[in-house]
Structure formats: C-alpha cells, structure tokens
Amino acid sequence: MAVPSIQDWLDIAEGFYTKTQFPNLVGAVDGKHVRLECPKKSDCNIFKQSAFDKKLYSGQVNFPPDTCLPNDTERVPQPCPYVIVGDEAFALNKHLLRPFPGKSLNNERRIFNYRLSRARQHIECTFGILSNKWRVFHTPILASPNVAIAITKAACVLHNFVRRRDGYITEDSMSCRMEEESERRGVGNASTNAKELREYFVKYFNTPENALSWQNKVLAM
C-alpha cells in the first residue's frame with residue numbers, strides 16, 4: 001500500500017471539503033475488528049500499536065504545510081494543520097481532532113461535534129462497504145494472523161481499485177450503521193496547542209460564512 005504523497009493529501013482534503021465542508025481534513029480513523037479471535041483491545045489501543053500512529057503523534061507524517069481555512073473571516077487568519085478526525089476513543093492531537101465530551105458541551109461545541117461526526121461517518125461507511133464487497137469479513141477468517149493481515153491489506157487495495165473503476169454504488173452503503181458518540185470515552189491529556197486548534201475549528205464552524213444552513217437543528221436534538 002503506497003504512502004500518500006503531499007499531492008495525494010491535498011486531493012483527499014479537497015474531496016472531503018467538497019463532500020463534508022470540513023476544511024484541511026485528510027482522513028478519518030476508526031477500528032474494524034477482522035475476526036480471527038475477538039480482540040480484547042479497544043480501537044484506540046490497536047491504533048496505538050500501528051506504525052501510522054507513531055508517525056502521526058510524533059509529527060512525522062508528510063502532511064502538506066499548514067494553510068488557512070477557506071473563507072476564514074478572522075482579522076488575522078491562522079494557518080491550520082491538516083487533520084484526521086476520530087471519535088472520543090482517540091487522543092486529541094494537532095493532527096487528530098475528536099469530539100468534545102458531553103460534560104463540556106455548549107451550543108458552539110455541539111455544532112463542532114456535529115460537523116466532525118458528519119465528516120467521520122465516511123470511515124464507518126467505508127468499513128461497512130468493504131465488508132459487503134468482500135464477504136470474507138462476514139465470518140471468522142480461517143488463517144494465521146499474518147495471513148489475515150495480508151488478506152485485509154489486499155482487500156483494501158482491491159476495494160480502492162474497484163471503486164475507482166466502477167464508481168460509487170449506492171447499494172453498497174445501504175447497511176452502514178453509525179455508532180453513537182456517547183458509547184466512547186476520551187483518552188489521554190491533550191496538548192494546549194491541540195486544544196486551541198480544536199477551539200479554532202469551533203469558532204470557524206459557527207461563523208455565518210462557514211455554517212451549514214441546517215446545522216443549528218442539532219441544538220434541538
């Protein structure tokens with residue numbers, strides 16, 4: 001699986017912004033349990049063992065340079081890093097944004113949580129589409145862990161190839177099921193820079209220029 005180039009990250013960010021109106025977004029993270037024997041670790045702990053996690057939290061991923069958010073109306077717009085979004089199981093970082101926990105919510109933060117969840121749903125649907133396309137993931141895989149890893153990587157590569165060749169098929173996503181945010185618990189202590197960046201996005205999503213016409217409906221839910 002090829003490592004994305006800076007231009008790849010920029011193309012991904014453009015696609016996310018077009019579909020979700022979440023700027024500087026280059027991915028979403030979650031966990032998919034491929035059944036050999038049910039893991040006893042949470043998604044975030046599995047992610048912590050990955051090579052990408054170590055690069056992400058040490059600032060070694062080749063993300064594009066920080067850039068100002070589109071239509072940013074601050075008097076002095078702040079260049080922001082490119083980010084990945086995850087749920088509350090993942091640690092907040094300047095390159096990984098997660099929702100605010102329920103105990104610290106106000107109306108503006110509720111809007112941010114909605115916008116983040118709206119962007120994050122793509123990774124959850126991706127896992128559902130992957131499993132529906134490659135039915136090997138519907139039952140436990142009868143293979144060693146190393147072979148199962150190779151099968152999973154091959155399925156991801158084939159999945160991307162088929163989507164590029166055949167385009168989007170609506171039926172693939174019919175059974176996508178989103179998890180509730182309340183099912184997750186936050187982890188770790190975030191840096192001040194990461195917290196300030198998240199607050200910057202909060203302010204950005206609540207400006208008239210960057211608000212979605214229907215986003216305030218979430219406040220009544």
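Side chains are part of it too, since the values below use all heavy atoms of this structure and drop only hydrogens, waters and symmetry mates.
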If you count every heavy atom of other residues, nucleotides or ligands that lies below 6.0 Å from E14 atom CD, does the total exceed 12? no

Could you point out which residue of F16, Y17, F205, Y82 forms a ring-ring contact (aromatic ring centres under 6.0 Å, His included) with F22? F205

Measuring from K203:NZ to D72:CG, what's the distance to the nearest 0.5 Å? 9.0 Å

If you apply the rule side chain to side chain contact (heavy atoms under 4.5 Å, CB included), what do you find for K19 with H122, and how did you get there? CA-CA 10 Å; K19 293 178 180 178; H122 287 269; 4.2 Å; yes

Give, for atom OH of Y114 and atom CG of L219, the distance between the pair rounded to the nearest 0.5 Å. 11.5 Å

Here the gap from F52 atom CZ to I84 atom CD1, rounded to the nearest 0.5 Å, amounts to 3.5 Å

Side-chain contact test, heavy atoms from C-beta onward, threshold under 4.5 Å: evaluate it for T20 versus Q121 and give yes or no. no

P77 vs Y204 side-chain heavy atoms within contact, under 4.5 Å: no

Within the distance-only criterion (no hydrogens, no angle test), does the side chain of D87 pair as donor or acceptor with the backbone N or O of D30 below 3.5 angstrom? no

Spacing of CG belonging to L69 relative to CG belonging to L25, to within rounding of 0.5 Å: 11.5 Å

Using the six-membered ring wherever Trp is involved, compare the ring planes of F201 and F112 and label them parallel, tilted or perpendicular (cut-offs 30° and 60°). perpendicular

I need the R109 CZ to L116 CG distance, nearest 0.5 Å. 13.5 Å

Residues which pass side chain to side chain contact (heavy atoms under 4.5 Å, CB included) with L158, listed by chain and number, not counting sequence neighbours: W134

Side chain proximity check, E196 to N193, heavy atoms < 4.5 angstrom: yes

Measuring from Q21:CD to N210:CG, what's the distance to the nearest 0.5 Å? 10.5 Å

